[in-house]
Amino acid sequence: MFFIPLVGINVKRYREEMRNIAVKTGSNIVIVGAGAAGHAAASALRKEGYVDRMTLVHPEPHAPYNRTLVNKGVLPGLLTPEQIALPLDSLGIDLVNAAATGVDTEWSTLLLRDGDQVAFDALIVATGSAPRHGVSTASDARGRVFGLHSAEDGTRIRDVVNGMAAPTFTVLGAGFIGAEAASHFAEVGADVHLVSRPTLPLAGVVGEPIARRVADLHHEHVDARFGRKIERIDQGRDSVTVTLDDGMRLESDLVIVAHGNTPVSQWAVGDGGVKVDERLRAICLPAAYAAGGVAVHASTGESYRIDHWDAAAAQGAHAARTLLHDREGAPDPGPYAPTTGFTLNLYRTPIAAYGVALPKAAQRHETAESGGFVTKFHDPNGNLIAVAGIAAGPALADLRGGLSRP
């Protein structure tokens with residue numbers, strides 16, 4: 001990396017030097033975020049023949065890793081943080097462990113928290129999302145209240161649980177992460193309280209009929225409290241208590257907060273994510289692209305984000321190909337079509353969905369040959385844009401091939 005210290009230097013001269021460095025050293029594509037989208041973008045650039053400099057900006061002190069394996073692998077003790085690391089050595093990348101704090105669009109430089117700047121010819125924003133906490137926590141309750149987003153989170157929770165004979169958990173949030181955490185702990189014999197503000201969690205992504213079946217699974221295996229708000233969290237000497245809006249007090253050994261997420265875009269364009277066009281070009285940032293959980297798709301008239309690992313990887317690769325098309329005349333990848341999806345295994349029951357279930361999409365429900373249940377989502381023209389299923393076997397794989405872009 002080439003850096004010029006900020007201390008004792010004229011800002012205008014600094015910027016000129018940064019531009020001169022970029023010219024002397026050839027093209028530099030900067031990717032901010034080293035998760036699924038960022039890693040896939042870097043891999044696609046190399047695969048498509050880009051040989052100049054790439055800089056990967058990663059805000060955490062350790063190597064980038066597969067975040068989806070935190071709750072699927074690290075939390076249950078199946079994998080270590082080292083085992084979920086993403087391979088970078090073969091990509092020839094300059095890795096910068098620092099957080100981005102801004103973009104100077106006039107001089108095409110990325111601003112870093114440590115005061116350094118990185119000049120770029122093109123920028124890929126792939127900073128993903130961060131947990132949304134939204135609970136009132138007593139100041140002394142932090143030792144028993146955990147998020148579940150990073151590898152460190154998964155390791156800390158696992159280490160605490162390993163020292164308990166018969167732990168009791170309260171999981172706040174019944175989305176993907178909360179539901180899987182509740183399922184895991186219930187299957188290993190723990191008592192679990194599962195609290196959700198929505199009365200029917202996951203209905204927006206799998207449709208109401210499947211969401212009702214998922215809710216029934218929760219009620220069968222854990223103490224599910226849906227349609228409830230959290231008033232506060234307090235800790236006693238040996239436990240932590242969550243008070244709900246109906247006055248119910250849930251006492252447990254550990255609380256896991258999984259209240260969804262919000263895009264990490266403040267440093268670039270402010271809150272709310274980075275709006276992109278149909279080819280994943282950033283609308284408000286010149287020479288920039290966005291992919292993964294930070295990207296807001298708005299070409300359909302309905303704004304939406306897709307915050308799953310496979311979708312982030314697909315978007316990262318697509319953004320990279322669009323960049324090469326724009327800058328080097330490579331083949332046009334065309335509009336991004338969201339056909340990837342997610343899988344959950346809750347209480348040994350598989351749930352999966354592919355595509356984008358937009359709020360205004362028409363839903364059609366049917367029983368699969370396997371005995372499971374399938375929901376199809378159609379746009380106003382009757383095109384299949386998403387499909388979800390519970391215990392649906394190969395039916396979903398067959399339907400996935402017929403998905404259209406929203």
- Query: Parallel, tilted or perpendicular: which fits the ring planes of Phe169 and Phe185, with parallel below 30° and perpendicular above 60°?
  - Reply: parallel
- Charged N to carboxylate O below 4.0 Å: is that the case for Asp332 and Arg321? no
- Test item: Asp307 and Asn261 side chains (from C-beta on) under 4.5 Å apart, heavy atoms: yes
- Determine the minimum heavy-atom distance between Met248 and Leu250, stating which atoms define it. CG-CD2, 3.7 Å
- For the side chain of His325 and the backbone of Ala330, is there at least one donor-acceptor N/O pair under 3.5 Å apart? yes
- Item | His318/Tyr289 aromatic ring centres below 6.0 Å | no
- Under 3.5 Å donor-acceptor, Ser183 side chain and Tyr347 backbone: yes
- Query: Can you tell me if Thr375 and Gln363 form a side-chain donor-acceptor pair at under 3.5 Å?
  - Reply: no
- Message: Using a strict threshold of under 4.0 Å (side-chain N to carboxylate O), is an ion pair present between Arg400 and Asp398?
- Response: no
- In a check of side chain to side chain contact (heavy atoms under 4.5 Å, CB included) between His193 and each of Val222, Thr168, Val171, which one passes? Thr168
- Apply side chain to side chain donor-acceptor pair (under 3.5 Å) to the pair Thr243 and Glu231, showing each step before the final yes or no. CA-CA 5 Å; Thr243 302; Glu231 291 294 329; over 6 Å; no
- Query: So, His58 versus Asn97: side-chain donor-acceptor pair below 3.5 Å or not?
  - Reply: no
- Item | Heavy-atom side-chain contact between Leu69 and Val74 under 4.5 Å | no
- N-O pairing of Glu60 and Arg67 below 4.0 Å: yes
- Query: With distance as the sole test, does Ser265 use its side chain to make a donor-acceptor pair with the main-chain N or O of Gly270 at under 3.5 Å?
  - Reply: yes
- Query: Closest approach of Tyr304 and Pro406, non-hydrogen atoms and distance?
  - Reply: OH-CG, 4.0 Å
- Query: If you draw a 6.0 Å radius around CZ in Arg156, do more than 12 non-hydrogen atoms from other residues or ligands fall strictly inside?
  - Reply: yes
- Item | Inter-residue atom distance Arg225.CZ - Leu172.CG, 0.5 Å rounding | 13.0 Å
- Query: Counting only heavy atoms not in Lys376, do more than 12 sit closer than 6.0 Å to its NZ atom?
  - Reply: no
- Test side chain to side chain contact (heavy atoms under 4.5 Å, CB included) on Leu254 and Val145 and set out the steps. CA-CA 6 Å; Leu254 204 71; Val145 179; over 6 Å; no
- Message: Working note: Arg305 + Ser129, criterion side chain to side chain contact (heavy atoms under 4.5 Å, CB included); need CA distance, chi angles, decisive distance, verdict.
- Response: CA-CA 10 Å; Arg305 294 189 304 122; Ser129 56; 4.0 Å; yes
- Message: Do Asn162 and Val160 have side chains that approach each other closer than 4.5 Å (heavy atoms only, starting at C-beta)?
- Response: no
- Give a yes-or-no answer on whether the side chains of Asp234 and Thr241 include a donor-acceptor pair shorter than 3.5 Å. no
- Are Val57 and Val30 close enough that some pair of their side-chain heavy atoms sits under 4.5 Å apart? yes
- Task: Can you measure from CG (Asn66) to CG (Leu79) and round to the nearest 0.5 angstrom?
- Result: 9.0 Å
- Query: Could you state the interatomic distance from CD1 (Ile157) to CD1 (Ile256), rounded to the nearest 0.5 Å?
  - Reply: 4.0 Å
- Just wondering, are more than 12 heavy atoms of other shown residues or ligands nearer than 6.0 Å to CZ in Arg158? yes
- Task: Could you tell me whether the side chain of Asp153 and the main chain of His149 form a donor-acceptor pair under 3.5 Å?
- Result: yes
- Rounded to the nearest 0.5 Å, what separation is found between the CD atom of Gln117 and the OG1 atom of Thr101? 8.5 Å
- Task: For the residue pair Leu148 and Val70, establish whether any side-chain heavy-atom pair is separated by less than 4.5 Å.
- Result: yes
- Answer yes or no: is there a donor N or O on one side and an acceptor on the other, between the side chain of Arg213 and the main chain of Pro209, under 3.5 Å? yes
- Task: For residues Ala186 and Val192, report the shortest heavy-atom separation together with the two atoms involved.
- Result: N-CG2, 3.9 Å
- Query: For Arg281, does the CZ atom have more than 12 heavy-atom neighbours from other residues, nucleotides or ligands under 6.0 Å away?
  - Reply: yes
- Item | Pairwise side-chain contact, Val118 with Thr109, heavy-atom cut-off 4.5 Å (strictly under) | no
- Indicate whether any N or O donor in one side chain lies under 3.5 Å from an N or O acceptor in the other, for His297 and Gln315. yes
- Row check, Tyr336 ring normal vs Arg279 NZ/CZ: under 6.0 Å, within 45°: no
- Task: Using the six-membered ring wherever Trp is involved, compare the ring planes of His365 and Phe373 and label them parallel, tilted or perpendicular (cut-offs 30° and 60°).
- Result: parallel
- For Arg53, does its backbone N or O pair with a side-chain atom of Tyr50 as donor and acceptor, under 3.5 Å? yes
- Supply the atom-to-atom distance Asp238 CG to Glu251 CD, rounded to the nearest 0.5 angstrom. 9.0 Å
- Message: The test is side chain to side chain contact (heavy atoms under 4.5 Å, CB included); show your working for Asp94 and Leu56 and say whether it passes.
- Response: CA-CA 6 Å; Asp94 295 328; Leu56 187 62; over 6 Å; no
- Donor-acceptor under 3.5 Å (Arg46 side chain, Gly92 main chain): yes
- Item | Donor + acceptor pair across side chains of Asp253, Ser239 (<3.5 Å) | no
- Task: Taking all non-hydrogen atoms of both residues into account, name the closest pair between Ala174 and Ala179 and its distance.
- Result: O-CB, 3.9 Å
- Which heavy-atom pair separates Ala40 from Ala313 by the least distance, and what is that distance? CB-O, 3.2 Å
- Task: List the atom of Phe377, the atom of Gly207, and the distance in Å for their closest heavy-atom pair.
- Result: CZ-N, 3.7 Å
- Item | Matching residue for Thr170 among Val240, Val257, Val255 - test: side chain to side chain contact (heavy atoms under 4.5 Å, CB included) | Val255
- Check whether any side-chain N or O of Glu152 sits under 3.5 Å from a backbone N or O of Pro81 as a donor-acceptor pair, and report yes or no. no
- Query: Just wondering, do Trp267 and Leu111 contact through their side chains at under 4.5 Å, heavy atoms?
  - Reply: no
- Message: Closer than 4.0 angstrom, basic N to acidic O: yes or no for Arg212 and Glu208?
- Response: yes
- Task: Could you walk me through whether Val32 and Leu123 pass the side chain to side chain contact (heavy atoms under 4.5 Å, CB included) test, one step at a time?
- Result: CA-CA 8 Å; Val32 188; Leu123 181 71; 3.7 Å; yes
- Once you round to the nearest 0.5 Å, how far does CD1 of Ile31 lie from NE2 of His39? 10.0 Å
- Query: Looking at side-chain heavy atoms only, is the closest gap between Val206 and Phe342 below 4.5 Å?
  - Reply: yes
- Donor-acceptor pair, Asn28 side chain versus Asp121 backbone, under 3.5 Å? no
- Query: Between the side chain of Gln83 and the main-chain N/O of Thr80, is any donor-acceptor distance below 3.5 Å?
  - Reply: yes
